[in-house]
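As the structure lists them, so they are numbered: ligands from 1, and atoms in each ligand from 1. Since we're looking at a predicted model, the values are computed, not measured.
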Amino acid sequence: MKSQFHEDFYSFAKYYDIAFDFKDVPQECRFLEDVFQKHSKSHLNSFIEFGAGPALHCLEMAKSLQSVTAVDLSAEMTTYAQDKAAKAGVVVHCECADMIKYQSENRYDLAVLLMDSTSYLLSNEAVIEHLRSVAQILNPGGLYILEMSHPKSVFEISKSTASEWEMEKDGIKVKIQWGSPSDTFDPVSQITNVSLKMEYQDGERVGTLKDQSPQRCFTATEFAALVAASGVFEIVDWYGAMSTGVPFNNAEAAWRMVPVLRKS
Ligand SMILES: C[S@@+](CC[C@H](N)C(=O)[O-])C[C@H]1O[C@@H](n2cnc3c(N)ncnc32)[C@H](O)[C@@H]1O
């Protein structure tokens, strides 16, 4: 099944949450707070995450911040995140909206886009429109931190790979295959048609879902050029992982590209 942003896959929000339950969310939030402290002169009170999915970082941030918003284009993810926040007893405003054209009356100190959700911004126009809409809802000096694929992946086009893993929680088993060796990469658009396969076993409910959507990868220099072209942000730092101890370079430990943008 072909989709725009793997929406069939993300509609199984609970299974996504189980399959991706390997991140150290509190540690990643401390990283975001440390970077904010380093680069912003203001105090961190408000936080917004785009492509938030189950909104785990929002739930963690909402324990200490005054205002937290999770934005996702999947209605199922939005409902799932809202329920999860209610069960956790924290206040997170969950909104089903497109991050490309996002508008709000609210203002935030820190915005984030994690887990390579930037890959769903397929064109340069979409990236610039998104950056301008994020800048509009940030307070002066506010930061935008993105966790993107490392550019190593752009230059590994002859080695199309599949990542496979299996997770189990509360008796529910979820097995993911992200990507397939037969996925096609277009070096002109830098877009891969990424196949996903999810097998789940949830009591009597057993099934397999297949989904395929375009995802774009970025080099560091082109992303810097897009930020400059947006005219609304400057890049003040780069990291190679969601950790202040990992510089952005070609070392093995640097497996992500994490640019830190400050509103101009
Ligand atoms: C890889 S998941 C990341 C979820 C979460 N941030 C995490 O760290 O686990 C990507 C998310 O981006 C959402 N998404 C894709 N395109 C979007 C768009 N244009 N606007 C808002 N959300 C979008 C998907 O629905 C999905 O929940």
Closer than 4.0 Å to some heavy atom of [X] - which atoms of ligand 1 meet that?
| X | value |
| --- | --- |
| M99 | 17 (C), 18 (C), 19 (N), 20 (N), 21 (C) |
| G53 | 4 (C), 27 (O) |
| A52 | 4 (C), 5 (C), 6 (N) |
| D98 | 18 (C), 19 (N), 20 (N) |

Salt bridge check: are [X] and [Y] linked by an N-O gap of less than 4.0 Å?
| X | Y | value |
| --- | --- | --- |
| K173 | D202 | no |
| K23 | E147 | no |
| E76 | K14 | no |

Inset, instruction - Let me know which of F233, Y120, F50 forms a ring-ring contact (aromatic ring centres under 6.0 Å, His included) with H130. - result: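 Of all the options given, the one that passes is F50.
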Inset, instruction - Run through Y80, Y16, Y15 and flag the one making a ring-ring contact (aromatic ring centres under 6.0 Å, His included) with Y10. - result: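 So, applying the ring-ring contact (aromatic ring centres under 6.0 Å, His included) to Y10 and each of Y80, Y16, Y15, only Y16 qualifies.
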Identify, for [atom], the protein heavy atom at the shortest distance, and state residue, atom and that distance.
| atom | result |
| --- | --- |
| atom 27 (O) of ligand 1 | D72 OD2, 2.6 Å |
| atom 12 (O) of ligand 1 | G51 CA, 3.4 Å |
| atom 10 (C) of ligand 1 | S117 OG, 3.3 Å |
| atom 22 (N) of ligand 1 | L73 N, 3.1 Å |
| atom 15 (C) of ligand 1 | F5 CD1, 3.4 Å |
| atom 1 (C) of ligand 1 | Y10 OH, 3.2 Å |
| atom 7 (C) of ligand 1 | K23 NZ, 3.2 Å |

Is [X] in contact with ligand 1, taking contact as a heavy-atom separation below 4.0 Å?
| X | result |
| --- | --- |
| A97 | yes |
| Y102 | no |
| F50 | no |

Legend entry - Under-4.0 Å heavy-atom contact with ligand 1, by part of E49 that carries it: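 Contact part for E49 vs ligand 1: side chain (C-beta onward).
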Inset, instruction - Examine distances only and state if a side-chain atom of D183 and a backbone atom of T192 form a donor-acceptor pair shorter than 3.5 Å. - result: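 No; judged by distance alone, with no hydrogens or angles, the pair does not exist.
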Legend entry - Heavy-atom donor-acceptor pair, S180 side chain to S182 backbone, under 3.5 Å: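 Yes; judged by distance alone, with no hydrogens or angles, the pair exists.
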Inset, instruction - Over all heavy atoms of both residues, which pair between L196 and G179 is shortest? Give the atoms and the distance, please. - result: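 Nearest heavy atoms, L196 then G179: CD2-N, 4.2 Å.
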Legend entry - Polar proximity ligand 1 side, H57 side, N/O cut 3.5 Å exclusive: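 No, there is no polar N/O contact under 3.5 Å.
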Inset, instruction - Using a 4.5 Å cut-off on heavy atoms from C-beta on, say whether the side chain of V71 contacts that of Y102. - result: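 Yes; the side chains approach each other to less than 4.5 Å.
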Legend entry - Pair F47 and Y108, ring centroids less than 6.0 Å apart: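 Centroid distance F47-Y108: not below 6.0 Å, so no.
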